[in-house]
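All values below were derived from every heavy atom in this structure, side-chain atoms included, with hydrogens, water molecules and symmetry-related copies excluded. Residue numbers start from 1 in every chain, and the chains themselves are labelled A, B, ... in the order their sequence lines are given, proteins ahead of strands. Predicted model, so just to flag it, every value in this text is computed and none were measured.
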Amino acid sequence: MLDAMPEGHTIHRAARLQGHAFAGRRLAVTSPQGRFTEGAAALDGRRLERIDAVGKHLLYRFEDAPALHVHLGLFGRFRLHEGDDPPTASPQTRLELVARPEGAAGAGRPAVTLRCSGPTACELLTDAEEATLRARLGPDPLDPAAGPAGFAAALSRRSAGIGQALLDQRAVAGVGNVYRAEALFLAGLHPDEPAAALGPDDVEALWATLRELLRTGERQGRIVTITPADRSRPPSRLRRDEAVYVYGREGLPCRRCGALIRSWPLGGRRVFACPDCQPPRPTG
DNA sequence: GTGGGATGGGCAA
DNA sequence: TGCCCCTCCCACA
């Protein structure tokens with residue numbers, strides 16, 4: 001669990017794996033760095049019931065306590081250690097959760113230490129604050145109950161390009177800069193295509209692509225967007241630079257058509273696209 | 001050793 | 001739109 005700079009897949013995976021390690025257990029909660037001391041004290045010694053992932057946000061539910069909200073942002077990362085002898089905590093450790101074998105509930109479960117450094121958010125939320133957070137988030141493709149309707153509605157209200165819209169968490173929650181570029185490539189959409197100009201078929205296909213990519217990423221623990229037809233080895237054997245079509249590949253040949261990948265700033269981040277596989281469509 | 005960039009996002013202007 | 005937050009890592013001296 002060392003993925004840094006996560007998109008939604010990493011967060012959902014973290015919720016699943018950390019849930020396996022911690023759910024139902026009483027945790028020691030501290031803030032070695034000292035910047036979350038008060039919040040940690042409010043949770044220390046309580047039982048963790050479950051962990052929810054929403055977009056790129058994590059919500060830790062403790063018994064009889066406010067929700068713990070963690071957002072890794074661009075710099076945050078988790079480190080998970082099993083066993084009694086975790087490495088010395090870095091001074092940057094904002095949050096540390098420790099479960100130790102105890103009683104019937106802990107029998108057979110090893111000691112586990114989770115550390116989080118560099119998060120954008122590590123805070124306790126009231127129910128009202130959590131509602132505000134959720135209201136800022138569009139549908140999450142990794143939520144089995146979510147569908148493309150809210151996504152389509154958000155896109156129809158935008159004059160900006162689809163590439164910009166995909167980074168807006170109010171339109172769709174959990175997509176980041178890598179999946180934006182890769183999903184648009186797979187959908188054959190130019191990033192500057194006005195979001196509102198997309199037809200229902202395009203929107204549904206894009207939603208399905210995002211869902212598939214994020215699900216694959218959640219399972220693999222890394223971003224792999226290359227389809228079986230375009231690779232000769234299993235995903236786990238692909239080098240980092242072999243696992244994507246366009247992201248970070250400016251000036252390199254497209255894996256499908258050989259045209260040189262281009263990049264430009266869009267929505268505050270750099271977007272990547274193939275000029276031939278993602279042609280601008282005539283506006284009408 | 002140093003410096004720039006990175007899979008994010010909130011805020012002011 | 002640009003600035004700030006904040007940590008890690010890599011390319012480059």
Side-chain angles (χ1 to χ4, degrees), chain A residues 1-14 31-36 53-58 69-79 87-96 114-123 125 129 132-138 140-142 159-161 163-186 191 209-210 213-226 235 238-251 261 263-273:
Chain A
M1 191 166 309
L2 294 167
D3 311 277
M5 297 177 273
E7 302 189 21
H9 68 299
T10 305
I11 299 308
H12 283 256
R13 182 179 172 89
S31 179
Q33 181 193 42
R35 290 187 49 187
F36 184 58
V54 189
K56 300 172 188 171
H57 300 259
L58 286 165
H69 170 224
V70 173
H71 190 294
L72 291 183
L74 188 54
F75 308 129
R77 57 171 57 195
F78 288 118
R79 291 177 179 81
T88 303
S90 140
Q92 316 297 342
T93 303
R94 182 83 54 90
L95 171 72
E96 181 176 272
L114 176 74
R115 292 176 180 142
C116 179
S117 62
T120 288
C122 176
E123 59 189 355
L125 293 187
E129 288 166 335
T132 301
L133 168 66
R134 287 177 176 275
R136 288 205 309 267
L137 299 175
D140 181 345
L142 286 176
S159 55
Q164 189 164 335
L166 285 184
L167 288 187
D168 185 344
Q169 302 296 299
R170 292 170 299 187
V172 56
V175 177
N177 205 25
V178 180
Y179 281 127
R180 150 171 96 161
E182 296 296 304
L184 290 176
F185 174 85
L186 288 167
T209 298
L210 290 169
L213 291 180
L214 284 161
R215 281 180 175 170
T216 299
E218 200 275 350
R219 281 195 304 270
Q220 305 273 340
R222 59 185 293 219
I223 297 177
V224 177
T225 62
I226 305 291
L238 293 174
R239 293 195 314 268
R240 184 184 191 80
D241 61 331
E242 296 175 320
V244 294
Y245 285 101
V246 293
Y247 179 80
R249 300 193 66 243
E250 180 179 20
I261 303 301
S263 88
W264 63 98
L266 178 61
R269 322 288 297 280
R270 185 152 289 269
V271 74
F272 301 84

Rounded distance in Å - [atom1] ([X]) to [atom2] ([N]):
| X | N | atom1 | atom2 | answer |
| --- | --- | --- | --- | --- |
| A/L95 | C/dT7 | CG | P | 14 Å |
| A/Q92 | C/dT7 | CD | P | 4 Å |
| A/R35 | C/dT7 | CZ | P | 7 Å |
| A/L166 | B/dG8 | CG | C1' | 15 Å |

Can you check whether [X] has a side-chain N or O nearer than 4.0 Å to OP1 or OP2 of [N]?
| X | N | result |
| --- | --- | --- |
| A/H71 | B/dG9 | yes |
| A/R269 | B/dG8 | yes |
| A/Q169 | B/dG9 | yes |

Answer with base, sugar-phosphate or nothing: what part of the nucleic acid does [X] contact at a heavy-atom distance below 4.0 Å?
| X | answer |
| --- | --- |
| A/R170 | nothing |
| A/E182 | nothing |
| A/R136 | sugar-phosphate |

Just to verify, what does A/R270 make a side chain to side chain donor-acceptor pair (under 3.5 Å) with, not counting sequence neighbours?
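For A/R270, the residues satisfying side chain to side chain donor-acceptor pair (under 3.5 Å) (neighbours in sequence not counted) are A/S263.
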A/R136: partners by side chain to side chain donor-acceptor pair (under 3.5 Å), with sequence neighbours left out
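Testing A/R136 for side chain to side chain donor-acceptor pair (under 3.5 Å), a comparison that skips the adjacent residues, returns none.
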Taking all heavy atoms of A/R269 and all of A/L74, pick out the closest pair and write down the distance.
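Looking at all heavy atoms of both residues, the shortest contact is NH2-CD1, 4.4 Å.
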P gap between C/dC8 and B/dG10, integer Å
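The same atom, P, in both gives a distance of 22 Å.
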Counterpart residues, ring pair (Phe, Tyr, Trp, His ring centres under 6.0 Å), relative to A/H57 (two or more places apart):
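A/H69, A/H71.
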Excluding sequence neighbours, so at least two apart, what forms ring pair (Phe, Tyr, Trp, His ring centres under 6.0 Å) with A/F36?
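Once residues adjacent in sequence are excluded, A/F36 has no partner under the ring pair (Phe, Tyr, Trp, His ring centres under 6.0 Å) criterion.
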Watson-Crick or G-U pairs under 3.5 Å in DNA chain B, rendered as dot-bracket with [ ] for crossing pairs and | for another strand
||||||.|||||.
A/Y247 side chain, from C-beta outward: closest of C/dC9, C/dT7, B/dA6:
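Selected nucleotide (nearest to the side chain): B/dA6.
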Output the distance between atom CG (A/L166) and atom CG (A/L210), rounded to the nearest 0.5 Å.
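With rounding to 0.5 Å, CG (A/L166) is 6.0 Å from CG (A/L210).
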Counterpart residues, salt bridge (Lys or Arg N to Asp or Glu O under 4.0 Å), relative to A/R115 (two or more places apart):
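For A/R115, the residues satisfying salt bridge (Lys or Arg N to Asp or Glu O under 4.0 Å) (neighbours in sequence not counted) are A/E96.
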